[in-house]
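What follows is a single structure, written as structure tokens, with notes after it.
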Amino acid sequence: MTDQNDNMEDLQDTYPGAGTFKLADTKGRVEHLNKLVAAKQKTATCLPWSEFENDQDALPQVGRCDIIANWDGTPAMVVRTVSVDKIKFRHVTPQLAMTEGEDKDIEAWRKRTAKAFGTKGVLDRDTVLVFETFELVEDLSVR
């Protein structure tokens, strides 16, 4: 445990203000999405605005580095936020949707996103999403 704590302290020194987050809520999805980020296939993520409405300090900030965690909470990668866009579900372009790196086309993205954030697989077309585009700064598995 000491190594992990030392590593976290080192990361906070190197990347001041970095928050830590997981890209999903199941082990399999976290592992899959982390691989996509490491391969630079996934360069964005999105959540409904409702996740941030009551805690706008949790919003990603352009230029800030954050730490993507493995399922067990250990640091996996450091990413830097390139842009943050609030956009209605119906206005997400195919190009933006593909930056999430998970789907073959916009229709697959819509279906997956509606299932994840909607009710019974339906998401209101006017639901506002927060899209964070990021770049990989450091893959911590090679440290």
Side-chain angles (χ1 to χ4, degrees), residues 1-106 108-119 121 123-143:
M1 274 299 200
T2 303
D3 290 338
Q4 180 182 337
N5 289 339
D6 288 347
N7 195 26
M8 281 303 288
E9 288 172 23
D10 176 54
L11 289 176
Q12 286 300 317
D13 289 342
T14 307
Y15 304 105
T20 301
F21 67 98
K22 291 179 189 166
L23 289 168
D25 56 6
T26 65
K27 182 179 181 181
R29 291 270 304 143
V30 165
E31 290 172 352
H32 174 69
L33 296 179
N34 284 5
K35 285 179 186 171
L36 292 176
V37 173
K40 298 182 181 178
Q41 289 178 270
K42 179 174 181 61
T43 59
T45 192
C46 78
L47 285 171
W49 167 247
S50 60
E51 297 279 325
F52 301 101
E53 236 170 353
N54 297 320
D55 184 13
Q56 293 188 27
D57 290 338
L59 275 167
Q61 296 174 14
V62 173
R64 186 180 71 199
C65 290
D66 288 305
I67 301 161
I68 295 176
N70 291 306
W71 177 248
D72 65 3
T74 59
M77 288 164 278
V78 177
V79 294
R80 178 180 298 110
T81 302
V82 174
S83 65
V84 180
D85 297 293
K86 282 173 53 178
I87 186 168
K88 289 182 180 179
F89 179 65
R90 65 183 161 127
H91 290 147
V92 173
T93 64
Q95 295 80 7
L96 186 57
M98 295 303 96
T99 62
E100 280 204 277
E102 300 176 60
D103 306 293
K104 64 180 169 103
D105 57 34
I106 186 74
W109 177 87
R110 286 182 182 135
K111 184 176 180 180
R112 180 180 56 79
T113 303
K115 183 179 176 187
F117 304 135
T119 303
L123 187 61
D124 186 294
R125 293 170 27 92
D126 289 325
T127 297
V128 176
L129 301 174
V130 175
F131 248 93
E132 174 188 11
T133 305
F134 53 80
E135 61 187 359
L136 181 62
V137 173
E138 184 179 0
D139 183 340
L140 300 169
S141 68
V142 297
R143 249 187 181 208

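Looking at E138 and L140, their side chains come closer than 4.5 Å, going by heavy atoms from C-beta outward. By the 4.5 Å heavy-atom criterion applied to side chains, W49 and L59 are counted as neighbours. A heavy-atom distance below 4.5 Å is not found between the side chains of F52 and K86. Using a 4.5 Å cut-off on side-chain heavy atoms (C-beta onward), L129 and L47 make no contact. Counting only heavy atoms from C-beta outward, the side chains of V84 and T133 never approach each other to under 4.5 Å.
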Subject >> From CA spacing to verdict: side-chain contact (heavy atoms from CB on, under 4.5 Å), F134, T45 >> reply: CA-CA 8 Å; F134 53 80; T45 192; 4.3 Å; yes
**OP:** Kindly determine whether T43 and T99 satisfy side-chain contact (heavy atoms from CB on, under 4.5 Å), including the steps that lead there.
**Re:** CA-CA 5 Å; T43 59; T99 62; 3.7 Å; yes
**OP:** Let me see the working for E132 and T81 under side chain to side chain donor-acceptor pair (under 3.5 Å), right down to the final yes or no.
**Re:** CA-CA 7 Å; E132 174 188 11; T81 302; 2.6 Å; yes
Original post:
Can V137 and V79 be said to form a side-chain contact (heavy atoms from CB on, under 4.5 Å), step by step?
Top reply: CA-CA 5 Å; V137 173; V79 294; 5.6 Å; no
**OP:** Give the intermediate values and the outcome of side-chain contact (heavy atoms from CB on, under 4.5 Å) for residues F117 and T127.
**Re:** CA-CA 9 Å; F117 304 135; T127 297; over 6 Å; no
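Distance alone, capped at 3.5 Å, is enough to place a donor-acceptor pair between the T14 side chain and the D10 backbone. D72 contributes a side-chain N or O that, together with a main-chain N or O of T74, makes up a donor-acceptor pair within less than 3.5 Å. Put simply, the side chain of D85 never gets that close to the backbone of I87: no donor and acceptor are under 3.5 Å apart.
Considering OG1 of T26 and CD of E31, their distance stands at 9.0 Å, rounded to 0.5 Å. Going from atom CG of L11 over to atom CG of D66 covers 11.5 Å, rounded to the nearest 0.5 Å. The structure places CG of D105 at 7.5 Å from CG of D103, a figure rounded to the nearest 0.5 Å.
For the side-chain contact (heavy atoms from CB on, under 4.5 Å) criterion with N34, the lone passing option out of K42, M77, R29 is M77.
Counting all heavy atoms, side chain and backbone alike, N70 lies closest to K22 at O-CE, 3.5 Å. Pairing each heavy atom of A114 with each of G121, the nearest pair is CB-O, 3.4 Å. Contact record, T20 with A69: CG2-CB, 3.8 Å, taken as the closest heavy-atom pair. For the pair A38 and D139, the tightest heavy-atom approach, listed with the atom from each and the gap, is CB-OD2, 3.9 Å. Scanning all heavy atoms of the two residues, the minimum distance from V62 to S83 falls at CG2-CA, 3.8 Å. The two residues V78 and Y15 come nearest to each other via the heavy atoms CG2-CE1, 3.6 Å.
For F89 and W109, the gap between ring centers is short of 6.0 Å.
Salt bridge E100/R112: present, at least one basic N to carboxylate O contact under 4.0 Å.
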